[in-house]
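Pasting in a structure now, in structure tokens, and then I'll have a few things to ask.
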Amino acid sequence: LTAPVRAVGSLLLGLPLVFLMLTGPVIGMERAGPASALQRSWNLVSRRFSAALGFYAASALLFFVLTATLNLVPLVFGQLFLGDVRWVLMVAWNIAVTVVLTAFVAGGTCRLYLDFRIRQEGLDLELLLVDLWPEVRS
């Protein structure tokens, strides 16, 4: 019953984070420092905010639904085990689910970064130019 309220609250509280969600890919792919990566992420997202917000909302919703669904598995099968073993298995399962889903969200964020760079700055053309003429570096 409280899940929709929590989801809307998370979306509204996370709204400023939408502008900063590309910070990790900027640091990794452009070798930028933390402060410049935050500014670069803000600039990239502000040009296509609706697409970034859509990705943020969809990934948050998918993460929430899959986590809730997959965490039913230890509740169902946990009844086969007694005492502390059940809780250890439930915690291990929760950690595994979170790690796998977080990796997918991180991959999607890197994909969004590349999409923004290609659409806004012609990254694909720049890389093609470097492949054709290695002596030309930007």
Hey, could you give me the CG/CG distance between L38 and L22, rounded to the nearest 0.5 Å?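 Result: 11.0 Å between the selected atoms.
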| task | Output every pair passing salt bridge (Lys or Arg N to Asp or Glu O under 4.0 Å) with a member in residues 7-17, not counting sequence neighbours, ordered by first then second residue. | result |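 Passing the test, one end in residues 7-17: no pairs.
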Checklist line | Shared hydrophobic cluster for I118 and L112 (ILVMFWY, side-chain gaps under 4.5 Å) | finding: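 Yes, I118 connects to L112 through the hydrophobic network.
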**Q.** From CG (L44) to CZ (F19), nearest 0.5 Å
**A.**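 The distance works out to 12.0 Å.
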* Distance (rounded to the nearest 0.5 Å) between W133 CH2 and L128 CG ->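 Result: 8.0 Å between the selected atoms.
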Distance-only, no hydrogens or angles: does the S41 side chain make a donor-acceptor pair with backbone N or O of A37 under 3.5 Å?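 Looks like no, no N/O pair under 3.5 Å.
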Show me, pair by pair, the donor-acceptor contacts under 3.5 angstrom made by side chains of residues 50-70, not counting sequence neighbours?
residue : atom : partner : partner atom : Å
S59     : OG   : F55     : O            : 2.9
S59     : OG   : Y56     : O            : 3.1
T67     : OG1  : F63     : O            : 2.7
T69     : OG1  : V65     : O            : 2.7

From CZ (R119) to CZ (R48), nearest 0.5 Å: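 Going from CZ on R119 over to CZ on R48, the span is 5.0 Å.
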task: Calculate, to the nearest 0.5 Å, the distance between atoms CZ and CZ belonging to R111 and F116 respectively.
output: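 Result: 10.0 Å between the selected atoms.
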Would one find more than 12 heavy atoms of other residues, nucleotides or ligands at under 6.0 Å from atom CZ of F104?
->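 Not buried by this count: 12 neighbours or fewer within 6.0 Å.
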- prompt: Would M90 and L72 show up in the same hydrophobic cluster when neighbours are defined by side-chain heavy atoms closer than 4.5 Å?
  reply: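 Yes.
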Q.
Let me check something: do V97 and V91 share a hydrophobic cluster, defined by ILVMFWY side-chain heavy atoms less than 4.5 Å apart, either directly or through other members?
A.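 No, separate clusters.
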Q. Is W42 linked to L114 within one hydrophobic cluster, defined over Ile, Leu, Val, Met, Phe, Trp and Tyr using a side-chain heavy-atom separation of less than 4.5 Å?
A.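 In one cluster: yes.
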**Asked** Tell me the side chain to side chain donor-acceptor pair (under 3.5 Å) pairs involving residues 20-39, sequence neighbours left out?
**Response**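 Sorted pair list: E30-R40, E30-Y113, E30-R117.
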